[in-house]
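Here the structure comes first, spelled out in structure tokens, and everything after it is commentary.
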Amino acid sequence: MINLKEYEAWFVTGSQHLYGEETLKQVADDSQKIVKALSESPNIPVKIVFKNVLTTPEEIYKLCLEANAAPNCVGLITWMHTFSPSKMWIAGLKILQKPFVHFHTQFNREIPWGNIDMDFMNLNQSAHGGREFGFICTRMKLNRKVVVGYWQDQDAQEELATWMRAACAWHDTQGAKIARFGDNMREVAVTEGDKVEAQFRLGYSVNGYGVGELVDFVSKVTDSAIDKQIALYLETYHISKAVSESENLQHELREAAKIELGMRAFLEAGNFKGFTTTFEDLYGLEQLPGLAVQRLMADGYGFGAEGDWKTAALVRAMKVMSAGLKGGTSFMEDYTYHLDPKKMKVLGAHMLEVCASISDGQPSLEVHPLSIGGKADPARLVFNVRTGKALNATLIDLGNRFRMIVNKVEVVPPDAPLPKLPVARVVWVPEPNLKVAAAAWILAGGAHHTGFSQSVTAEHLEDFADMANIEYLLIDNDTKIREFKKELRFNEVYYSMR
Ligand code: MN
């Protein structure tokens with residue numbers, strides 16, 4: 001469903017006419033070499049497209065117009081091989097609607113100490129050319145990423161790749177459609193928000209659909225389609241003994257397959273990229289969609305439970321930024337704590353809806369009663385999650401702005417097996433520890449719902465937040481509550497004055 005190779009980042013080199021034809025030809029040749037190296041690098045997720053060296057305001061303006069209109073261009077990589085007087089960039093940057101990264105690199109890695117002459121100095125001017133370009137971007141208050149490093153080095157390429165992935169997610173978000181089945185969980189605050197502002201600032205639209213419309217799709221699913229789907233489940237998952245032995249539970253599993261196929265048909269027909277459900281509005285559906293949601297998320301759909309459209313859109317964006325990387329991404333909720341002072345931990349889970357892309361091994365397909373909602377017993381995938389580095393991210397609406405909060409965590413094994421817990425679950429230790437992380441998260445107003453990922457990094461999300469021009473807060477090993485409270489107060493002033 002998500003293929004980043006469809007997307008392009010345009011490589012744009014700034015220069016000027018003063019150096020003469022020969023030098024400009026050299027600049028173009030060098031740029032093409034960098035484009036080739038990036039294109040061939042396994043680190044780079046998108047197509048890198050070489051654009052002619054820009055030497056006049058008219059050329060720059062035209063290039064920016066073209067980038068705005070190009071459907072597959074996710075943004076610009078700008079590089080100043082030589083000096084490029086930056087008043088030439090004002091008109092273009094003023095109308096540029098795509099994100100850009102300033103790649104502050106130099107064609108020659110090293111100074112040729114014994115041979116350096118003024119020709120070398122004329123050609124290799126990134127050190128000051130990049131500063132002139134940086135000034136105009138800052139003067140124009142433009143958000144952009146600055147990557148410093150040699151173009152063949154892995155760290156520089158990886159920083160560029162991170163920006164490209166964020167740019168793909170931003171591109172995907174523009175015009176994305178999120179379907180909200182039913183409305184919100186009644187009286188819940190954090191899952192609400194200004195959908196008009198979200199569409200204006202973030203680019204995606206959220207619209208509600210009566211559950212009856214979904215039920216129409218579900219009721220059209222044929223028995224033979226359900227048979228095929230059950231065969232696929234049998235191939236893919238471990239089926240619990242209880243299900244293989246009970247006709248009642250098999251009936252519920254068939255119902256779950258029917259819901260998945262109906263929901264999938266609905267989402268495909270409307271070209272949606274994400275959706276929400278709520279257990280308080282399931283009118284006409286036999287059970288809460290559990291397995292269906294888990295499987296749709298694994299295919300790249302964003303999801304938020306209880307009407308949480310902001311998390312649905314965030315999960316989708318995280319799916320796009322991490323496409324092809326190791327590790328999965330899921331909707332998540334901080335569910336319950338282990339407050340052992342030696343190592344305080346969080347058990348993350350949801351009623352059912354955790355994506356199997358983060359599963360450690362083959363998930364078990366089970367059917368159990370749900371103690372909330374008053375519906376039939378829903379099918380769900382049950383699994384533990386791979387240990388290692390991960391993060392939780394949330395997006396909230398503060399009334400005058402959107403705020404993203406990210407907390408780095410370490411997934412650890414449960415202290416003991418959890419034989420009576422019939423849902424997918426993950427245990428983590430947040431950075432810097434649960435006491436500080438939970439206090440900071442709560443002071444910042446972070447939601448109980450998150451996008452959880454073992455492939456997306458804080459840097460991906462920071463780049464994305466910059467493109468969206470929204471507030472970004474990180475909770476990690478450097479977080480201290482006193483400093484964090486100051487950051488919240490400073491940001492309050494900054495965002496009130498914008
Ligand atoms: Mn929830």
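These figures come from a predicted structure and were not determined experimentally. Counting convention: from 1, in listed order, for ligands and their atoms alike.
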Salt bridge or not for Asp397 and Lys310, using N-O below 4.0 Å? no

Using the Mn ion (ligand 1) as the apex, give the angle to atoms NE2 (His449) and OE1 (Glu333), rounded to 10 degrees. 80°

List in chain and number order the residues that pass side-chain hydrogen bond (donor to acceptor under 3.5 Å, both in side chains) with Glu459, two or more places apart in sequence or in another chain; answer none if no residue qualifies. Lys145

Carboxylate-amine/guanidinium contact Lys486 Glu483, below 4.0 Å: yes

Does any N, O or S atom in His448 come within less than 2.8 Å of the Mn ion (ligand 1)? no

Proximal heteroatom of Glu306 relative to the Mn ion (ligand 1) (N/O/S): OE1

Quick test of your reading of the model: are Arg380 and Glu252 salt-bridged, counting only N-O distances below 4.0 Å? no

